[in-house]
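Below is one structure; the comments refer to it alone.
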Amino acid sequence: MSKLGNLGARLHRGEVGYDFVGNRKIWYSLSILITITAIVGLAVRGLNMGIEFQGGAVFNTPKTSVSVAQAQEYAEEASGHDAIVQKLGSGDDAKLRIQVSGIDTDQADKVSAELADKLGVNENDVTGELVGPSWGEQIANKAWQGLGIFLVLVVIYLAIAFEWRMALAAFVALIHDITITVGIYALVGFEVTPGTVIGLLTILGYSLYDTVVVFDSLKEQTKDITKQTRWTYSDVANRSINSTLVRSINTTVVALLPVAGLLFIGGGFLGAGMLNDISLSLFVGLAAGAYSSIFIATPLVADLKEREPQMKALKKRVLAKRAQGAAQGEAPEPQVADEYYDDEPEDAAPAVVGPRNQPSSRNRGRGRPSGKRR
């Protein structure tokens with residue numbers, strides 16, 4: 001078995017683990033800092049909306065030896081507006097795609113003529129396409145409607161399948177992912193296109209998947225948790241995160257690799273800039289979704305659950321028992337739940353809550369009788 005696979009098995013059995021829930025204040029602080037940075041970037045720099053949302057024109061030129069930087073300068077001088085230039089193809093003689101926002105039909109004809117003159121090509125070979133802002137506005141409205149419907153359905157489903165606290169935690173995690181992704185777009189300055197909107201809606205599914213995997217494990221392991229006095233809800237929540245940790249990492253890495261290829265190789269080295277709009281949202285969103293599932297959603301559920309009177313009482317009993325054991329010189333219990341509650345009566349149905357193959361505290365130090373007389 002590989003080292004990563006062995007680590008995953010040990011995490012699942014509870015032999016090793018990290019106290020994610022116990023250190024939740026660190027993760028909350030880090031998330032708040034990242035979110036504030038994203039909001040400030042969004043407020044100060046704003047989003048670089050594409051022509052689909054602002055309106056404008058797209059010009060496609062024949063093969064030319066003019067550089068991208070020089071073509072951008074020509075386009076901005078001719079139009080008086082910011083321009084985005086992308087090289088289509090490779091080599092010195094490549095076609096150019098020039099986007100100029102905020103111009104109408106009369107301005108587009110003038111810009112097309114000036115571009116043809118400065119690029120040294122025939123005016124008839126420069127093709128232009130006008131895009132009205134109303135189309136982008138319709139796309140944006142539909143995207144907001146789709147996002148709202150998605151979030152409502154997610155909250156309803158999780159409230160029915162699990163409980164309202166898990167639904168609230170998942171909702172917070174999704175808002176967290178969206179905010180960070182949009183903030184990164186503002187800070188980086190990448191153009192926002194319909195592809196960006198599609199990528200943003202796509203990442204929500206990935207983020208929700210990781211969160212539901214942990215929640216399902218947590219729901220299963222906390223059945224009849226109040227019938228024992230060894231583990232608090234936070235202990236079992238932490239166990240759930242650790243048992244699914246390697247699975248979440250593997251899923252995220254496998255999803256990020258092709259997206260990274262689009263972003264860094266396709267958009268960077270190959271110059272296919274049109275890939276950046278969707279690949280950046282996917283890359284940032286997938287990473288943020290994996291982070292929020294582990295460090296935000298489940299610790300938040302533990303916080304909400306331990307506000308319940310019965311969970312407060314359970315925690316009080318568990319801490320009292322641990323303090324009593326420490327006073328008697330007993331070794332402290334590991335902060336990971338056991339598969340069976342050891343202090344249940346033998347005829348009670350066992351509740352599955354944690355690591356396998358750990359001896360009961362009642363039987364430690366006592367071997368199994370051999371049946372032979374001495």
Side-chain angles (χ1 to χ4, degrees), residues 26-50 52-53 84 86 139-140 143-144 146-148 150-151 154 169-214 245 247-300:
I26 298 176
W27 319 131
Y28 292 166
S29 301
L30 181 60
S31 292
I32 291 173
L33 178 61
I34 296 174
T35 303
I36 291 175
T37 303
I39 293 175
V40 170
L42 184 62
V44 173
R45 299 195 58 177
L47 292 173
N48 179 22
M49 307 301 290
E52 293 88 353
F53 297 102
I84 299 176
Q86 298 170 345
I139 292 295
W144 283 114
L147 177 61
F150 174 84
L151 292 176
V154 164
F171 178 79
V172 170
L174 289 175
I175 297 299
H176 169 273
D177 299 342
I178 294 172
T179 304
I180 290 178
T181 305
V182 173
I184 292 295
Y185 259 87
L187 293 172
V188 174
F190 275 20
E191 186 181 21
V192 177
T193 68
T196 305
V197 177
I198 294 171
L200 191 62
L201 295 175
T202 302
I203 65 173
L204 300 180
Y206 282 96
S207 174
L208 188 63
Y209 170 78
D210 272 347
T211 302
V212 169
V213 167
V214 182
L245 181 61
R247 176 179 178 178
S248 296
I249 292 174
N250 286 339
T251 303
T252 303
V253 170
V254 169
L256 281 176
L257 286 176
V259 176
L262 285 175
L263 180 61
F264 298 109
I265 299 177
F269 294 107
L270 300 182
M274 68 285 295
L275 296 176
N276 289 336
D277 53 2
I278 188 171
S279 58
L280 180 64
S281 62
L282 289 174
F283 187 84
V284 176
L286 288 174
Y291 170 83
S292 64
S293 299
I294 297 171
F295 297 96
I296 302 299
T298 308
L300 183 57

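The figures here come from the full heavy-atom set of this structure, side chains too, leaving out hydrogens, waters and symmetry mates.
Leu200 has its side chain out of reach of Tyr185: every pair of non-hydrogen atoms, C-beta onward, lies at least 4.5 Å apart. In this structure the side chain of Ile26 never reaches within 4.5 angstrom of the side chain of Phe295, judged on heavy atoms. Counting heavy atoms from C-beta outward, Val182 and Val192 have side chains that stay 4.5 Å or more apart. At least one side-chain heavy atom of Leu245 sits less than 4.5 Å from a side-chain heavy atom of Ile249. Annotation: side chain of Leu187 is in contact with side chain of Thr37 (closest heavy-atom distance under 4.5 Å). Residues Val154 and Phe171 form no side-chain contact, since every pair of their non-hydrogen atoms from C-beta on lies 4.5 Å or further apart. In this structure, Ser293 and Ser248 have side chains that are not in contact, with every pair of non-hydrogen atoms separated by 4.5 Å or more. Contact of the Ile294 side chain with the Val214 side chain is not registered, since no non-hydrogen atoms from C-beta on lie closer than 4.5 Å.
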In a table with atom names and distances, give each donor-acceptor pair under 3.5 Å that connects a side chain of residues 281-290 to protein atoms at least two apart or in another chain.
residue: Ser281; atom: OG; partner: Ile278; partner atom: O; Å: 2.8

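Closest non-hydrogen pair, Ala297 versus Ala169, comes out as O-CB, 3.4 Å. Heavy atoms only, all atoms of each residue included: Val213 and Arg247 are closest at CG1-NH1, 4.0 Å. Of all heavy-atom pairs between Thr202 and Ile198, the closest is OG1-O, 2.7 Å. Scanning both residues, Gly189 and Asn48, for their nearest heavy atoms gives O-ND2, 3.2 Å. Contact between Gly205 and Phe150 at its shortest, heavy atoms only, is N-CZ, 4.4 Å. Between His176 and Ser292 the shortest heavy-atom distance is ND1-CB, 3.7 Å.
Going from atom CG of Leu257 over to atom OG1 of Thr252 covers 11.0 Å, rounded to the nearest 0.5 Å. Rounding to the nearest 0.5 angstrom, the gap separating the CD1 atom in Ile39 from the CG atom in Leu42 is 8.0 Å. To the nearest 0.5 Å, atoms CD1 (Ile203) and OG1 (Thr181) are separated by 3.5 Å. Interatomic distance, CD1 of Ile34 versus OG of Ser29, reported as 11.0 Å (0.5 Å rounding).
Thr196 places a side-chain N or O within donor-acceptor distance of the main-chain N or O of Thr193, the cut-off being under 3.5 Å. A donor-acceptor pair is defined here as one N or O able to donate and one able to accept, closer than 3.5 Å; no such pair exists between the side chain of Tyr291 and the backbone of Asp177.
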